[in-house]
**Student:** 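Before we start, here is the structure in question, set down as structure tokens.
Please read all numbers here as calculations on a predicted model, not as lab measurements. Each chain gets a letter, A, B and so on, in the order the sequences are listed, and its residues count up from 1.
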Amino acid sequence: MLWLFFFLVTAIHAELCQPDAENAFKVRLSIRTALGDKAYAWDTNEEYLFRAMVAFSMRKVPNRETTEISHVLLCNVTQRVSFWFVVTDPSKNHTIPAVEVQSAIRMNRDRINNAFFLNDQTLEFLKIPSTLAPPTDPSVPVWIIIFGVIFCIVVVAIALLILSGIQQRRRKNEGPSEVGDAEDKCENTITIENGIRCDPLDTKGGCVNDAFMTEEERLTPL
Amino acid sequence: MEKARPLWSNPLQFVFACISYAVGLGNVWRFPYLCQMYGGGSFLVPYVIMLLVEGMPLLYLELAVGQRMRQGSIGAWRTISPYLSGVGVASVVVSFFLSMYYNVINAWSFWYLFHSFQDPLPWSVCPLNANRTGYDEECEKASSTQYFWYRKTLNISPSIQESGGVQWEPALCLLLAWLLVYLCILRGTESTGKVVYFTASLPYCVLIIYLVRGLTLHGATNGLKYMFTPKIEQLANPRTWINAATQIFFSLGLGFGSLIAFASYNEPSNNCQKHAIIVSLINSSTSIFASIVTFSIYGFKATFNYESCLQKVILLLINSFDLEDGSVTADNLEQVKSYLASTYPSEYSAIAPQIHNCSLESELNTAVQGTGLAFIVYTEAIKNMEVSQLWSVLYFFMLLMLGVGSMLGNTAAILTPLTDSKFISSLLPREAISGLVCLINCAIGMVFTLESGNYWFDIFNDYGATLSLLLIVLVEAISVCYVYGLRRFERELQAMTGRALSWYWKILWAVVSPLLMVGLFIFYLSDYILAGTLQYQAWDASQGQLVTRDYPPYALAVIGLLVAASTMCVPLVALGTFVLRRLKRGDTAPVS
């Protein structure tokens, strides 16, 4: 009698959990891709952990706090490491609707991933789309900050150059007949000294001091 | 009180200014493309020949004219012959068109530079769609780098007819780019001379860093092997030679008047022959150097994409047949595929359409040039490097330096004739003239920040300068040799610099280069005429790729205007001068 009952229970379980059964989900793991050399082997203990995580996720749903690990059924485990699972209700006759399972998994996806050292791409629940993390948007976009800094620097530099240019011109206009300071005038490339051009110091041998020259024809080359 | 002409503080500033102007974005994004399309290593043969026969002589000619005449382009050509000042005017007009659209590239470089300070780089990930279950559709169809360029940077419209509004982000960057250029040209040669130390040397620093990084990337040798394998049969293709000549010509920036402007600030005794040779050699070697860097980056990107493609196929196979994860690798992929095809034929044929044939050659074959190379291909490679923010900042900083260096030359070409003109310089100080030119250019440049701005940019880029420059330089060479007189010019050069002009230059100036120019001019003219209707590449957001469309009539009219505005200056001004002189005929002496 006991054997018959046991046989019946496994038969019902087998019916509940089948590929493409109602409310069943396929899971696919890519452990070697994720962990490389540190990959662990997928055995019944790992399956137990998975069932525990699914049960844990279901217990977070209101009205389903009594879900046990035994209510989670796995089947069709392949070498790929993929399998199907269903969650049954306490009577073990029906499966919990897919919508509830889906929302429960989605809410706890992070913790399930972490339990296996995997992420959304390497632990896939087919038919349960993962919520992608939005990129963190700072309140002020970074580029505007840098733009503002460089903009201010350039504007300040332009203003300084313009102002110093105006000052120089004003100084030049105020003293056109004075014998100007030779050094000062010679730094400015646009520079005259009493009608005689003054080249920069480093290309020619200095500036002509007009005090020693009276007539242009008598100018001797330096 | 006469104002002395400003001079470069030392000859090195002049050389650096010429290098900074000539070495521009074209060296980075046009030469590698040409090298790839026209025979790889064997493209260097026509390139070097054209450099010796066309590039160096014409560069020397322009520098000599500028140094001898000591004026900007308009004044210089007016001195040669009053009827030829139209050549100078045409140069200024072409430079004006160029500066209008060229600074937009600097604006884009700024945009990408500012966005490089984020983790992760914004062009490395697609944004999410509305309900956060997947990525944005346009981004999925194209790639994240293309999406960032076409959608986030340009916000491009599907065709040139739909202009959309001015995008405030690129507009701000354009404003900043013009302010930066204004800052550099504000004080004339005094400020430009110092800035060119940086704009000429910093790109080389970055290129060297990138060379070291590029050569150590995984898969770089694939790209280099692909590029340098010579395809000798391309030498028989006339387009190879024409493209080599065109590349040398445009790369040196002849005909814009910038070189004349720079040389006019020289000491009369400056040895411009040596400088011409130095500048042209440095320009060409920079092109080759940049293409080595570009091809190692290409190789890296192609290898990365090839390996991603293989991974996708492997994933598809192990998911469909529930094979063990890690059992299928790139090495045994082919065997596994044939095994599966024979063992499970029905399932295999079901997924067969999704199995791409990954090929490294087809990845390497994607030859790109222009803004596509700089802002899409390079960013795609950069996002896969480690510490990608650093590489991104370095790269866009280099692009910025190259672009600003060329802009300095362009604005010098416009400003020098303006400040030489006594009428204008008596009205306004040079700071105001520079400011006005920058303001006008910036205002017009806002057209390129519209949603359809990139299409207008392409119009200006392809048609604004090409035909006009060929004509200008042709007229320049002919006028110096035959109107002014080659012997007279030679005598004056010798008196000025103290060096005799060798027969090599004389033959090239008088015969070879003009013939080459005529040949190129005829070729381009016939190309445009035979092409019939002109077409452009438009971005189709629904497909996530470029499609070809025809230009509408008003765009064709703009193209015609662009070409006519500059080329017609030469005959129109000559005609105008002739008419004016006839009117003044009275008691004036006849024209020499």
Side-chain angles (χ1 to χ4, degrees), chain A residues 28-34 36 39 42 76 78-82 121-122 124 126 129-136 138 141-151 153-155 157-158 160-162 164-166 169 176 187-192 194-204, chain B residues 1-11 110-120 122 125-129 131-135 169 172-173 175-177 179-180 182-183 186-191 193 265 267 311 314-315 318-327 429-432 435:
Chain A
R28 196 154 58 199
L29 288 93
S30 312
I31 307 175
R32 198 173 300 267
T33 313
W42 186 259
N76 278 65
T78 65
Q79 242 192 337
R80 168 71 179 84
V81 194
S82 67
Q121 279 78 44
T122 39
E124 295 168 81
L126 305 182
S130 47
T131 311
L132 299 164
T136 46
V142 175
W143 77 271
I144 289 197
I145 300 176
I146 305 175
F147 169 80
V149 167
I150 304 214
F151 190 80
I153 295 178
V154 171
V155 169
I158 290 179
L160 282 176
L161 276 183
I162 292 184
S164 69
I166 295 180
R169 202 164 293 130
E187 268 168 24
N188 189 347
T189 46
I190 313 170
T191 189
I192 321 292
N194 292 329
I196 301 170
R197 205 181 72 190
C198 177
D199 287 326
L201 282 167
D202 44 350
T203 53
K204 276 206 178 161
Chain B
M1 202 153 97
E2 235 190 70
K3 238 188 184 185
R5 194 170 184 77
L7 295 175
W8 300 109
S9 311
N10 59 56
F110 265 127
W111 169 264
Y112 270 83
L113 181 66
F114 295 150
H115 277 87
S116 307
F117 290 95
Q118 295 173 19
D119 182 33
V125 286
C126 275
L128 304 176
N129 62 13
N131 55 3
R132 291 214 226 141
T133 50
Y135 295 113
E169 298 103 333
L172 275 184
C173 293
L175 182 66
L176 179 62
L179 282 176
L180 184 65
Y182 181 53
L183 176 65
L186 188 49
R187 283 286 188 82
T189 49
E190 191 187 320
S191 52
Y265 298 120
E267 297 270 345
Q311 287 304 319
I314 291 175
L315 195 66
I318 60 178
N319 281 349
S320 317
F321 294 98
D322 280 327
L323 305 167
E324 190 186 332
D325 181 29
S327 58
R430 83 170 302 131
E431 285 91 344

**Student:** For the CG atom of B:Asn319 and the CD atom of A:Glu124, what is their distance to the nearest 0.5 Å?
**Tutor:** 6.0 Å
**Student:** So, using salt bridge (Lys or Arg N to Asp or Glu O under 4.0 Å) as the criterion, who are the partners of A:Arg80 when residues are at least two apart?
**Tutor:** none
**Student:** Rounded to the nearest 0.5 Å, how far does CD1 of A:Ile146 lie from CD of B:Gln118?
**Tutor:** 8.0 Å
**Student:** Find the distance between CZ (A:Arg28) and CG (B:Leu315) and round it off to the nearest 0.5 Å.
**Tutor:** 7.0 Å
**Student:** Out of A:Ile144, A:Ile158, A:Thr78, A:Thr33, return the one with the most heavy atom pairs under 4.5 angstrom to chain B.
**Tutor:** A:Ile158
**Student:** Once you round to the nearest 0.5 Å, how far does CG of B:Leu179 lie from CD1 of A:Ile153?
**Tutor:** 13.0 Å
**Student:** In terms of heavy-atom pairs under 4.5 Å, which option from A:Val81, A:Val155, A:Ile150 contacts chain B the most?
**Tutor:** A:Ile150
**Student:** Do A:Ile162 and B:Tyr182 come within less than 4.5 Å of each other through their side chains, counting heavy atoms only?
**Tutor:** yes
**Student:** For B:Leu172, give me all partners under side-chain contact (heavy atoms from CB on, under 4.5 Å), at least two apart in sequence or on another chain.
**Tutor:** A:Phe147, B:Trp168
**Student:** Is it the side chain or the backbone of A:Thr122 that comes within 4.5 Å of chain B heavy atoms, both, or neither?
**Tutor:** neither
**Student:** Compare all side-chain heavy atoms of B:Phe117 with those of A:Ile145 and state whether any distance is below 4.5 angstrom.
**Tutor:** no
**Student:** Is B:Glu324 in contact with chain A via its backbone, its side chain, both, or neither, using a 4.5 Å heavy-atom distance?
**Tutor:** both
**Student:** What closest approach, in Å, do B:Glu431 and A:Gly165 show between heavy atoms, and which atom pair accounts for it?
**Tutor:** OE2-CA, 4.4 Å
**Student:** Over all heavy atoms of both residues, which pair between B:Glu169 and A:Trp143 is shortest? Give the atoms and the distance, please.
**Tutor:** CG-CZ2, 3.4 Å
**Student:** For B:Leu323, is it the side chain, the backbone, both, or neither that has a heavy atom closer than 4.5 Å to a heavy atom of chain A?
**Tutor:** backbone
